[in-house]
Number of protein chains: 2
Amino acid sequence: MKTIKLRDKLIEKGLKVTPQRIAILEAVHKLNSHPTAEKIFDFVRKDHPNISMATVYKVLDALVANGLLSKVKSEKDSMRYDAVTDKHHHLYSSDSEDIADYYNDEINKILSDYFKEHNITDFEIEDVRLQIIGKFKNRN
Amino acid sequence: MKTIKLRDKLIEKGLKVTPQRIAILEAVHKLNSHPTAEKIFDFVRKDHPNISMATVYKVLDALVANGLLSKVKSEKDSMRYDAVTDKHHHLYSSDSEDIADYYNDEINKILSDYFKEHNITDFEIEDVRLQIIGKFKNRN
DNA sequence: TTATGTAAAGATAATAATTCTCCTTTAAGA
DNA sequence: TCTTAAAGGAGAATTATTATCTTTACATAA
Ligand SMILES: [Mn+2]
Ligand SMILES: [Mn+2]
Ligand SMILES: [Zn+2]
Ligand SMILES: [Zn+2]
């Protein structure tokens, strides 16, 4: 995604446009691997050697709160960040920390139709996400 | 679940039977709310005032590794533990830290049938779990 | 039944991830 | 250009978890 686009998204949300925010947004897009805050920090530091870890966390929080990024749960202690904010699911590796995106509108429809007919007692569904656990093949 | 049952499960797995292990297993069963290590510690401490937090973590790890408990991912920093080790899904509250179990064999079959016919490129599925996010109603 | 080896428990330090506090800088609008 | 609120940087603090080291006690066999 173009920097100018990211800039517009920030403005749209009433957030100040700062080099750090642009850099962090770009980093998550470029890394494209559900990076941790640490990974993002290391990447951004190349161009912004004075950026602080606290800034990374504060910016990530703000971007997630405004829907420009999303958070992904992981088995490990650290949070993972995601440039994809559209509805999608995740493939989790059972033997590494790899997480991959999984888009499937067919299954979205199956689930949405199912839960339209079978509602859960005392629970109002807002979103349904799949955690697909398994092994990535052809990795070298 | 009876203490004697828990004792047998430990023996079956070749784990030494200790009062701490029994107490922690019982605690997770009794709390029945996907408790954190801290919550488990507080509960167990009533009967075992000398138990250490390190023991709680070590025992939880051992029990999870041996399939007597399971772990549940959460949005927050801390892990949650689950007495239910059978296949099931989770309802996550979008406005609190509540997590509830959700069993549904019908949907298990739908998903398993679906993925039997539509396999994911370069990925071998081991398990599919639903994260159902929404709001619990009738809570007081 | 007691002795003994080993796995586990307890105390506490260390580490890792995240948040907070406080001060300085800067983006954006007047 | 000036003003000001919002954001960034440095580092301390907090929280969750893990590691290390010593002591205890479960399990088994003499
Ligand atoms: Mn943490
Ligand atoms: Mn941690
Ligand atoms: Zn994703
Ligand atoms: Zn559960």
Discussion item. Contact between B/Leu111 and A/Leu130 at the side-chain level, heavy atoms closer than 4.5 Å - yes or no?
Written reply: yes
Using whole Å, what does the distance between atom [atom2] of nucleotide [N] and atom [atom1] of [X] come to?
{"X": "A/Lys76", "N": "C/dT18", "atom1": "NZ", "atom2": "P", "answer": "11 Å"}
{"X": "B/Asp77", "N": "D/dT14", "atom1": "CG", "atom2": "P", "answer": "16 Å"}
{"X": "A/Leu10", "N": "C/dA27", "atom1": "CG", "atom2": "P", "answer": "13 Å"}
{"X": "B/Lys73", "N": "D/dA16", "atom1": "NZ", "atom2": "C1'", "answer": "17 Å"}
{"X": "A/Glu75", "N": "D/dT17", "atom1": "CD", "atom2": "P", "answer": "12 Å"}
{"X": "A/Ile22", "N": "C/dA27", "atom1": "CD1", "atom2": "P", "answer": "12 Å"}
{"X": "A/His48", "N": "C/dT25", "atom1": "NE2", "atom2": "C1'", "answer": "15 Å"}
{"X": "B/Met53", "N": "D/dA19", "atom1": "CE", "atom2": "C1'", "answer": "15 Å"}

Check residues 50-66 of chain B and write down every donor-acceptor pair under 3.5 Å in which the side-chain atom is one partner and the other belongs to a residue at least two apart or another chain.
| residue | atom | partner | partner atom | Å |
| --- | --- | --- | --- | --- |
| B/Ser52 | OG | B/Ala54 | N | 3.0 |
| B/Asn66 | ND2 | B/Ala62 | O | 2.8 |

Discussion item. With ring-ring contact (aromatic ring centres under 6.0 Å, His included) as the rule and sequence neighbours excluded, what pairs involving residues 71-94 of chain A come up?
Written reply: A/His34-A/His90, A/His88-A/His90, A/His88-A/Tyr103
Between the main-chain N or O of [Y] and the side-chain N or O of [X], is there a donor-acceptor pair closer than 3.5 Å?
{"X": "B/Arg21", "Y": "B/Lys16", "result": "yes"}
{"X": "B/Ser94", "Y": "B/Gly134", "result": "yes"}
{"X": "B/Ser70", "Y": "B/Val84", "result": "yes"}

Practice prompt. Mind checking side-chain hydrogen bond (donor to acceptor under 3.5 Å, both in side chains) for B/Asp127 and listing every partner two or more places apart, or none if nothing turns up?
Written response: B/Lys87, B/Arg129
Discussion item. Please list, in numerical order, the residues of residues 38-47 of chain A that have a heavy atom closer than 4.0 Å to any atom of DNA chain D.
Written reply: none
Fill in: N or O in side chain of B/Tyr57 less than 4.0 angstrom from D/dT17 OP1/OP2
yes
Worksheet, complete the sentence: Residue set satisfying salt bridge (Lys or Arg N to Asp or Glu O under 4.0 Å) with A/Lys39, at least two apart, ordered chain then number -> none
Practice prompt. Answer yes or no: is there an ion pair linking A/Lys109 with A/Asp105, defined by an N-O contact shorter than 4.0 Å?
Written response: no
Each nucleotide N or O in nucleotides 7-9 of chain C that has a protein N or O under 3.5 Å away: list the pair and distance.
| residue | atom | partner | partner atom | Å |
| --- | --- | --- | --- | --- |
| C/dA7 | O4' | B/Lys16 | NZ | 3.3 |
| C/dA8 | OP1 | B/Arg21 | NH1 | 3.0 |
| C/dA8 | OP1 | B/Arg21 | NH2 | 3.1 |
| C/dA8 | O5' | B/Arg21 | NH2 | 3.2 |
| C/dA9 | OP1 | B/Thr18 | OG1 | 2.8 |
| C/dA9 | O3' | B/Gln20 | NE2 | 2.7 |

Discussion item. On DNA chain D, does the nearest nucleotide to B/Met79 precede the nearest nucleotide to B/Val17 from the 5' side, or the other way round? Give the residue.
Written reply: B/Met79
